[in-house]
Amino acid sequence: MSFLVGALSFRQYSKKKALKADDILKTVKKDFLEEGSIEGSWIELTKVPWKKFAHKTDVYYGGISRYEDNKLAQYEFIADAYTGSILDIYRV
């Protein structure tokens, strides 16, 4: 019985642990602040499955807005929920 409990505990512990969406947003904002001020930012708190070619993971979607040349520019990004890496970023 104790072997079974240990095996199940190890299985739960060894699963991927997602980063907090707010922590990922803080990192993205920090990177954007190096180039200028930010007007607004957002991130979805629910991770969603994502696949591109053979790469499968869960991601958070988010966005940043700021003024560039006196016009509001908006960017959206896709961040890996487990590593925090930005998988894609694009201007909307």
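Since we're looking at a predicted model, the values are computed, not measured.
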Using atom types as modelled and distance alone, determine if a side-chain donor or acceptor of Ser65 lies under 3.5 Å from a backbone N or O of Gly40. yes
Results of side-chain hydrogen bond (donor to acceptor under 3.5 Å, both in side chains) for Thr27 - residues two or more places apart only: none
If the condition is side chain to side chain contact (heavy atoms under 4.5 Å, CB included), which residues does Leu33 pass it with, not counting sequence neighbours? Ile38
Lys26 side, atom NZ; Lys30 side, atom NZ - distance, nearest 0.5 Å: 12.0 Å
Sorted by chain and residue number, the side-chain hydrogen bond (donor to acceptor under 3.5 Å, both in side chains) partners of Glu68 (sequence neighbours excluded) come out as Arg66, Tyr75, Arg91
Expected list for residues 47-62: side-chain donor-acceptor pairs under 3.5 angstrom, two or more places apart:
from	atom 1	to	atom 2	distance (Å)
Thr57	OG1	Asp80	OD2	3.1
Asp58	OD2	Tyr82	OH	2.5
Tyr60	OH	Leu19	O	2.9

Phe77, Leu45: one ILVMFWY side-chain cluster at the under-4.5 Å cut-off? yes
Exercise: identify the closest heavy-atom pair between Ala79 and Ile86: CB-CD1, 4.0 Å
Starting from Val92 and following side-chain heavy-atom contacts under 4.5 Å between hydrophobic residues (I, L, V, M, F, W, Y), which residues can be reached? Tyr90
d(Glu44 CD, Ile78 CD1) to nearest 0.5 Å is 10.5 Å
Would you mind listing the cluster partners of Tyr67? Hydrophobic ones only (ILVMFWY), side-chain contacts under 4.5 Å, chaining allowed. Leu72
